[in-house]
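Indexing begins at 1, ligand by ligand and atom by atom, following the structure's order. Here the structure is a predicted model, which is why all the values come from computation and not from measurement.
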Amino acid sequence: MNAGLIGIGKYVPPAILTNADLEKRMDTSDEWIRTMTGIEERHIADDTIDTSHMAYYAALEAIKDANIQPEDIGLILVATVTPDQPFPSVATMLQRKIGATNAAAMDISAACAGFMYGVVTAKQFVESDTYRNVLVVGVEKLSKITNWEDRNTAVLFGDGAGAAIVSKVSEGRGILSFELGADGTGGKHLYQDEKIVMNGREVFKFAVRQMGESAESVIEKAGLEKKDVDFLIPHQANIRIMNSARERLGLPIEKMSKTIHKYGNTSAASIPISLVDDIEAGRVKDDDVLVLVGFGGGLTWGALCIKWGK
Ligand code: UT7
């Protein structure tokens, strides 16, 4: 039996920063941000909410949704590039907060592809019968490493968390295929030097190519064709990048997840946050074939083809 996602949850901090708010702080416009990125607003965590708090709220929802107890979790994987502190890991902080006394815990650093790396790692442990339940969280407080003087990057990012419980699911459902990859030669295009530094053009070109290729690759590895895909959940980095992946798969606009207008780019959290909203809105149903695909600093990328349902 395949591993799949038996419970999901999300958290975004309450404070909202709109494009109009940004217009007051820097030389930008709502029109530019909407047209060039698709972003209208983003949630920003204040000083009282750190990465581990957001991870905690999202994890609680996922645990409840999966109908398990914290003691049933064998491993906690937290994908983040904005931990509360370098160590101890956010995963161990989360282990204490939720009381997952039987769980091993570690963080994963794969930037915006981190949730994909986490779920694929969890799948290996679940399908080898090492752990019955693995908690995977993608969480970022990017606002604390955003350079608010740099309009090229400051308008893009938001804070939030998404979580999933990875466990075995019923026959025919679950993770059908995956792809992970990295190209360290592109590390210079997106990195943290106290604050985020990005060559937007280079990342854009890479993203357009990689999102399409990875999505096609997981469809093929699952033994499926593009027409079999019911819904695409791309990393919410830029609506133009997302649409290019969608068009490559020949999918209409309503078959793609779009939450970027509300949350901006939440890096490792963007795919699980979108998944939660899509499930809640009824856009994703049991037995739908989903393609999840992300890319990020590293450079890294990852994709999953999932037949949805427990
Ligand atoms: O999770 C992965 C993280 N990163 C990404 O996914 C980012 C990928 N890259 C992108 O999304 C795009 O490169 C951006 C949205 C960041 C920028 O779009 P672009 O089409 O690459 O534009 P550009 O950087 O070449 O800038 C075009 C113009 C420039 O002005 P000039 O030189 O043509 O006069 C910029 O200075 O837009 C200007 N500009 C802005 N104007 C208003 C750049 N940022 C802003 C801004 N407001 N916030």
>> Would you say that more than 12 heavy atoms from the other residues, nucleotides or ligands in this model lie under 6.0 Å from the CD of Glu254, or not?
In response: yes
Just the distances, no angles: every ligand 1 N or O to protein N or O pair closer than 3.5 Å, one line each.
unit_1: ligand 1; atom_1: 1 (O); unit_2: His235; atom_2: NE2; d: 2.9
unit_1: ligand 1; atom_1: 1 (O); unit_2: Asn265; atom_2: ND2; d: 2.8
unit_1: ligand 1; atom_1: 9 (N); unit_2: Gly200; atom_2: O; d: 3.1
unit_1: ligand 1; atom_1: 11 (O); unit_2: Asn238; atom_2: ND2; d: 2.7
unit_1: ligand 1; atom_1: 13 (O); unit_2: Gly200; atom_2: O; d: 3.1
unit_1: ligand 1; atom_1: 18 (O); unit_2: Arg240; atom_2: NH2; d: 3.3
unit_1: ligand 1; atom_1: 20 (O); unit_2: Arg240; atom_2: NH2; d: 3.3
unit_1: ligand 1; atom_1: 21 (O); unit_2: Arg201; atom_2: NE; d: 3.1
unit_1: ligand 1; atom_1: 25 (O); unit_2: Arg201; atom_2: NE; d: 3.3
unit_1: ligand 1; atom_1: 25 (O); unit_2: Arg201; atom_2: NH2; d: 3.0
unit_1: ligand 1; atom_1: 36 (O); unit_2: Arg151; atom_2: NH2; d: 2.9
unit_1: ligand 1; atom_1: 37 (O); unit_2: Trp32; atom_2: NE1; d: 3.2
unit_1: ligand 1; atom_1: 41 (N); unit_2: Trp32; atom_2: NE1; d: 3.4
unit_1: ligand 1; atom_1: 41 (N); unit_2: Arg151; atom_2: NH1; d: 3.4
unit_1: ligand 1; atom_1: 47 (N); unit_2: Thr28; atom_2: OG1; d: 2.7
unit_1: ligand 1; atom_1: 48 (N); unit_2: Thr28; atom_2: OG1; d: 3.1
unit_1: ligand 1; atom_1: 48 (N); unit_2: Arg151; atom_2: O; d: 3.0

> Around Asp150, counting heavy atoms of other residues, nucleotides and ligands shown, do more than 12 lie under 6.0 Å from its CG?
Replying inline: yes
>> So that I can tick it off, tell me whether Asp21 and Arg25 are bridged by a salt bridge, with the cut-off set at under 4.0 angstrom between side-chain N and carboxylate O.
In response: no
> More than 12 heavy atoms of other residues, nucleotides or ligands under 6.0 Å from NZ of Lys64: is that the case?
Replying inline: no
> Are there more than 12 heavy atoms of other residues, nucleotides or ligands under 6.0 Å from atom CD of Gln124?
Replying inline: yes
> Got more than 12 heavy atoms from elsewhere within 6.0 Å of CZ, Arg209?
Replying inline: yes
